[in-house]
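Report on the following structure.
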Amino acid sequence: MNYSKEIDKKWQTKWKEQNLYKYDPNAKGEKFYTLEMFSYPSGAKLHLGHWFNYGPSDSYAKFKKMQGYNVFHPMGFDAFGLPAENYAIKTGIHPEDSTLKNIDTMKRQLNEMGGSYDWDYSVETCMPNYYKWTQWLFVKLYKAGLAYKKEAPVNWCDSCKTVLANEQVINGKCERCSSVVERKKLSQWFFKITDYAEELLDGLKTLDWPESTKKVQINWIGKSEGAEVTFKGESGDFEFNVFTTRVDTINGVTYIVVAPESEIVQKITTPEYKEGVDNYIKETAKLNEIDRLSTETVKTGVFTGAYVINPINNDKVPVWIADYVLEDYGTGAVMAVPAHDTRDYEFAKKYNLPIKRVIESKDGSDSKLPYTEKGILVNSGKYNGLTSEEAKQKIVNDLSANNNGKNSVNYRLKDWLVSRQRYWGAPIPIIYCDRCGEVVVPEEDLPVLLPYNVEFRPDGESPLKKSEEFMNCTCPKCGGKAKREADTLDTFVCSSWYELRYPDAKNDKMPFDKEIINKMAPVDTYIGGKEHAAMHLIYSRFMTKVLRDLGYLNFDEPFKRLVHQGMILGPDGNKMSKSKGNTVSPEEYIEKYGSDIFRIYLMFGFDYKQGGPWDEKGIEAMVRYFTKIEKLVETVSSYDKKDIDIEVTAKYKELLRLKNQTIKAMGTDIDNFQFNTAIARSMELLNKINEILREDDVNQKVIYNTVVTFIKLIAPLAPHFAEEEWERLGYTTSVHKEAWPDINESELNGGTKEIPVQVNGKLKMRICVDAGMSNEEILKEIKNTKEIIEIFDTCNVKKEIYVPGKIYNLVV
RNA sequence: GCGGGUAUGGCGGAAUUGGCAGACGCGCCGGACUUAGAAUCCGGUGUCUCGCGACGUGAAGGUUCAAGUCCUUUUACCCGCACCA
């Protein structure tokens, strides 16, 4: 193999000189915005995961360009965040210094990969020219009433000294350091994503996304339709609502449960039960997430002393508090129907509360309690005999007639907590003035700069609080002394709009020009890991919808099509990690083989959407593949291309047919991110060419042209290598400016094809027919075959099946 | 518990709407070249069988002329959510 990393360098230099990857918004061709999730510049170098994400995606972008699109394929860095800060705490190196250095290295390596990025359209979220607009976004949300502050129990990681989003808590533990997460009350900023719950759910229908990812989002949003029912205190001195999806079971309510944290509790608890209730509240507050999990099956609770009246049957039922009811879902209170709910059943058994059956199965069989299916109502007065569905409707009607209830929808989705008690993030643009209170920073004063010299070692306080220079400011309203908000924004805020910044990345007057973004967006193909299914991908959708409603965008969804790449595991089949010692570094391979060998092996050796354990054995196969191509180019470069009118024999018709099939199939394969099969097909074509070359009557013109096409086909997959071979074929312009080869229909239909013939569903023979023949002609040809006539003569043919152009089957 | 995914040779993996199972590659076996090896090239390679042929896509059943693909039941592993009323 001649190809090596030196060839990579040669072309990288030339491409740079030629400005090959300069993006021109006015170039011809339909716009095509293809984007990979930008990366976090944590380590100093690109790891295998980066390569697997970005290499094939870049090939895809190059392919789309060959197809004639004006491809926009930017790259940037999600540069704020915990790891840089943790690294700084450990080493003393300032996050800004390490991050900027990492970005430089990664940019260089992405260029060395042969990536088609125009760095003039790039974002680095930690730079003031970017986070100014992240803050602007906050201001806009604030003014629209979509950002608010609230005291809330949050997930606190005592090791990282920070609040975690629900999504960052894995099984009650911190996603980064795995220490146990505690509950703590802090005043926090929230974005009102719940306002968009219904639209976020609805919009999924329009998206070309993997179904599994849509399901994750549907689950995350967690829409649940039911009813709200009002229960009044027995003496009418208080009332509260419960949410239920099974209002048909309301006659089976034997008690009510309220979340311990709920405000209602204080109002309703009777003096004699106060002590027990207070103790219980204190106990549960102490429980952290882990304890709550471990007590999963053991439910606890106490009686409040209060009774309420069931609005449907006037039963008097006790009110309990128990920690299996969550404060922040529904109304924080539930009607307990132990006969028809597993949790209520367990609880009732434990505390000897009555169990009243009100639903029977439809087939009347003697079903066991708790019976959680729908069925026929019993013990329910006038509702007896109705089905669950009928009863639901009737009961809600009756309730609402008396103002005691109504249909209601609940979502599991919670508002997005965006405050972080951390240094390395965008400061929240809020000022607290003694006189004016909470004041949002005026847009013209943005950005609120993140100071460089700050003590960011964690002690439970926000690091910015310790910077006088940062904290002290004047109130924009009254000019008096004021303090800044010391918290920074969740980095998911930074990444919730970056795709909108790329097309107009240098605009210093606004986050993006409306006209430019509306032309360029949405992203046509978005590529990234499925670990972002719930967070990033929901936040971005939310932000797009908010900006649309504020009049900045005229589209509803940021990412039209979504593709998830798989993950390359360590050779042992486990996730790569330094602690397991199973990491694989791309560098040694690139050093040894060159970047195209590595890139194409990643594409050929793994299913892009699936990934798999790393195995380097196949890499040598790629060397063989390249060597064969080099030899072939060597052979044909001496050919007489002017050699015009040679008869194209059957063998060559076959070759031309295969060539066109390959063009077609590789196109659809690359479009579907099936690089492995695309490359396999190119190998088939290569093998066919070589097979013909072994014989002696070479049609130089046909072979030469086929090789030219072949190099074009592999150009997006092996950019440096193809460029080199293209030059060796005598071309002086870049192969990356070539168009994807057209399909020649007559060549595609030339040559012959085989029709399988089955008897009783078993393959018996294949009949060779002219590929250009009509389906009827083929059938005629088949029936004229000696063997088929023989079968008809000797056997009793019961049935004859002919799938036009595909298969012929006889049942005898 | 709920939701989703995966299962095909010794291995990685292919198989439009049901239509030739195992493409392509690795590995292995044989041959050529070589003093020898490496490299390269050629041929073979699902299982059983000398062969004819039979069997074969996690397991069991079903639909069909025809099933890796559709239906029912089931097993193993992986991922997401998880007291959501």
Side-chain angles (χ1 to χ4, degrees), chain A residues 166-167 170-171 210-220 222-224 226-227 242-247 249 257 259 292-293 295-299 322-326 328-337 340-344 346-347 372 410-414 530-531 533-534 567 573 601 604-607 610 612-625 627-628 631 665 668-669 672 674 676-684 686-687 690-691 694 754-766 798-812:
Chain A
N166 287 334
E167 303 90 317
I170 314 291
N171 288 329
E211 282 309 311
S212 57
T213 303
K214 289 189 187 182
K215 282 270 162 59
V216 168
Q217 295 214 345
I218 290 169
N219 200 329
W220 197 260
K223 181 177 182 176
S224 166
V242 302
F243 174 72
T244 179
T245 54
R246 291 298 302 273
V247 75
T249 64
V257 194
R292 280 214 178 192
L293 275 177
T295 57
E296 195 175 329
T297 48
V298 190
K299 308 201 182 311
D323 65 357
Y324 78 90
V325 173
L326 308 172
D328 53 2
Y329 183 78
T331 62
V334 303
M335 54 177 227
V337 186
H340 304 291
D341 181 279
T342 323
R343 291 152 303 175
D344 298 343
E346 278 174 39
F347 193 81
T372 57
N410 255 288
Y411 298 93
R412 198 175 302 195
L413 184 72
K414 289 173 188 143
K530 50 171 157 269
E531 66 273 16
M567 195 190 286
Y601 174 59
F604 180 66
F606 305 86
D607 176 342
Q610 228 166 297
W614 173 255
D615 178 359
E616 63 171 27
K617 269 189 277 177
I619 253 190
E620 287 295 334
M622 299 299 108
V623 174
R624 259 167 260 174
Y625 171 67
T627 310
K628 276 188 195 170
K631 277 188 186 162
T668 41
D669 282 352
N672 292 324
Q674 286 168 332
N676 51 351
T677 51
I679 294 163
R681 290 179 202 281
S682 80
M683 287 171 171
E684 280 179 272
L686 179 64
N687 291 346
N690 278 328
E691 187 190 313
R694 278 200 296 278
E754 285 179 329
I755 305 293
V757 173
Q758 298 179 330
V759 176
N760 291 338
K762 306 247 173 198
L763 181 71
K764 285 295 169 213
M765 59 182 288
R766 298 186 177 92
K798 282 192 199 144
K799 203 168 173 184
E800 184 187 5
I801 297 123
Y802 173 60
V803 181
K806 284 227 168 127
I807 201 163
Y808 183 75
N809 188 14
L810 291 173
V811 186
V812 300

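FYI, side chains are in, hydrogens and waters are out, and symmetry mates aren't considered; it's all heavy atoms of this structure. Each chain gets a letter, A, B and so on, in the order its sequence line appears, and its residues count up from 1. Please read all numbers here as calculations on a predicted model, not as lab measurements.
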Quick check on [N]: is either OP1 or OP2 less than 4.0 Å from any side-chain nitrogen or oxygen of [X]?
{"X": "A/Lys799", "N": "B/rC65", "answer": "yes"}
{"X": "A/Arg412", "N": "B/rC81", "answer": "no"}
{"X": "A/Arg694", "N": "B/rC42", "answer": "yes"}
{"X": "A/Ser224", "N": "B/rA85", "answer": "yes"}
{"X": "A/Tyr625", "N": "B/rG25", "answer": "no"}

Name the nucleic acid region contacted by [X], choosing base, sugar-phosphate or nothing; use a 4.0 angstrom heavy-atom cut-off, strictly under.
{"X": "A/Arg681", "value": "nothing"}
{"X": "A/Phe604", "value": "base"}
{"X": "A/Asn219", "value": "base"}
{"X": "A/Gln610", "value": "nothing"}
{"X": "A/Gly605", "value": "sugar-phosphate"}
{"X": "A/Asn676", "value": "sugar-phosphate"}
{"X": "A/Lys762", "value": "sugar-phosphate"}
{"X": "A/Val811", "value": "sugar-phosphate"}

Atom-to-atom span, [atom1] of [X] to [atom2] of [N] - whole angstrom:
{"X": "A/Asp669", "N": "B/rU16", "atom1": "CG", "atom2": "C1'", "answer": "11 Å"}
{"X": "A/Ile807", "N": "B/rU64", "atom1": "CD1", "atom2": "C1'", "answer": "14 Å"}
{"X": "A/Lys628", "N": "B/rC41", "atom1": "NZ", "atom2": "C1'", "answer": "10 Å"}
{"X": "A/Asp607", "N": "B/rA7", "atom1": "CG", "atom2": "P", "answer": "10 Å"}
{"X": "A/Glu211", "N": "B/rU6", "atom1": "CD", "atom2": "P", "answer": "13 Å"}
{"X": "A/Asp615", "N": "B/rG10", "atom1": "CG", "atom2": "P", "answer": "17 Å"}
{"X": "A/Phe606", "N": "B/rC26", "atom1": "CZ", "atom2": "P", "answer": "15 Å"}
{"X": "A/Asn809", "N": "B/rG18", "atom1": "CG", "atom2": "C1'", "answer": "13 Å"}

Give the nucleotide from the list [options] with an atom nearest to the side chain of [X].
{"X": "A/Asn687", "options": "B/rG25, B/rC81, B/rA21", "value": "B/rG25"}
{"X": "A/Tyr324", "options": "B/rU40, B/rC83, B/rC20", "value": "B/rC83"}
{"X": "A/Arg624", "options": "B/rG3, B/rG27, B/rC20", "value": "B/rG27"}
{"X": "A/Ala621", "options": "B/rA23, B/rC20, B/rC26", "value": "B/rC26"}
{"X": "A/Thr677", "options": "B/rA14, B/rU40, B/rG25", "value": "B/rA14"}
{"X": "A/Val325", "options": "B/rU40, B/rA85, B/rC81", "value": "B/rA85"}
{"X": "A/Phe243", "options": "B/rA85, B/rC65, B/rA14", "value": "B/rA85"}
{"X": "A/Asp323", "options": "B/rG3, B/rC83, B/rA85", "value": "B/rC83"}
{"X": "A/Thr245", "options": "B/rG80, B/rA85, B/rA23", "value": "B/rA85"}

Can you name the nearest heavy-atom pair linking [X] to [Y], along with the distance?
{"X": "A/Tyr625", "Y": "A/Ser682", "value": "OH-OG, 2.7 Å"}
{"X": "A/Pro756", "Y": "A/Ile807", "value": "O-CG1, 3.6 Å"}
{"X": "A/Val325", "Y": "A/Gly332", "value": "CG1-O, 3.6 Å"}

Between [N] and [M], how far apart are the two [atom1] atoms, rounded to whole Å?
{"N": "B/rA66", "M": "B/rG56", "atom1": "P", "answer": "14 Å"}
{"N": "B/rU8", "M": "B/rC77", "atom1": "P", "answer": "15 Å"}
{"N": "B/rA60", "M": "B/rU75", "atom1": "P", "answer": "15 Å"}
{"N": "B/rG25", "M": "B/rA15", "atom1": "P", "answer": "16 Å"}
{"N": "B/rU49", "M": "B/rG37", "atom1": "C1'", "answer": "38 Å"}
{"N": "B/rU16", "M": "B/rG68", "atom1": "C1'", "answer": "15 Å"}
{"N": "B/rA36", "M": "B/rU47", "atom1": "P", "answer": "32 Å"}
{"N": "B/rG44", "M": "B/rA23", "atom1": "P", "answer": "12 Å"}

Please state whether the base of B/rC11 and the side chain of A/Lys617 form at least one donor-acceptor pair under 3.5 Å? no

Since syn is defined as within 90° of 0, does B/rG5 count as syn or as anti? anti

Does [N] pair with anything, Watson-Crick or G-U wobble, both distances under 3.5 Å, and if so, with which nucleotide?
{"N": "B/rC65", "result": "B/rG19"}
{"N": "B/rG80", "result": "B/rC2"}
{"N": "B/rU47", "result": "B/rA54"}
{"N": "B/rA7", "result": "B/rU75"}
{"N": "B/rG13", "result": "none"}
{"N": "B/rC33", "result": "none"}

Name all residues meeting the side chain to side chain donor-acceptor pair (under 3.5 Å) criterion together with A/Thr331; count only those two or more places apart in sequence or in a different chain, and write none if there are none. none

Residues forming a side chain to side chain donor-acceptor pair (under 3.5 Å) with A/Gln217, sequence neighbours excluded: A/Arg541

A/Asp344 side-chain N/O to A/Val337 backbone N/O, donor-acceptor pair under 3.5 Å: yes

Can you tell me if A/Asn672 uses its side chain to pair, donor with acceptor, with the backbone of A/Thr668 under 3.5 Å? yes

Hey, is A/Arg681 close enough to A/Glu684 for a salt bridge, meaning N to O under 4.0 Å? no

Closest-nucleotide 5' rank along RNA chain B - winner of A/Asn690 and A/Lys764: A/Asn690

Hey, what's the ring geometry for A/Phe347 with A/Tyr324, parallel, tilted or perpendicular (30° and 60° as the breaks)? tilted

Drop me the distance from A/Gln758's CD to A/Ile801's CD1, to the nearest 0.5 angstrom. 9.0 Å

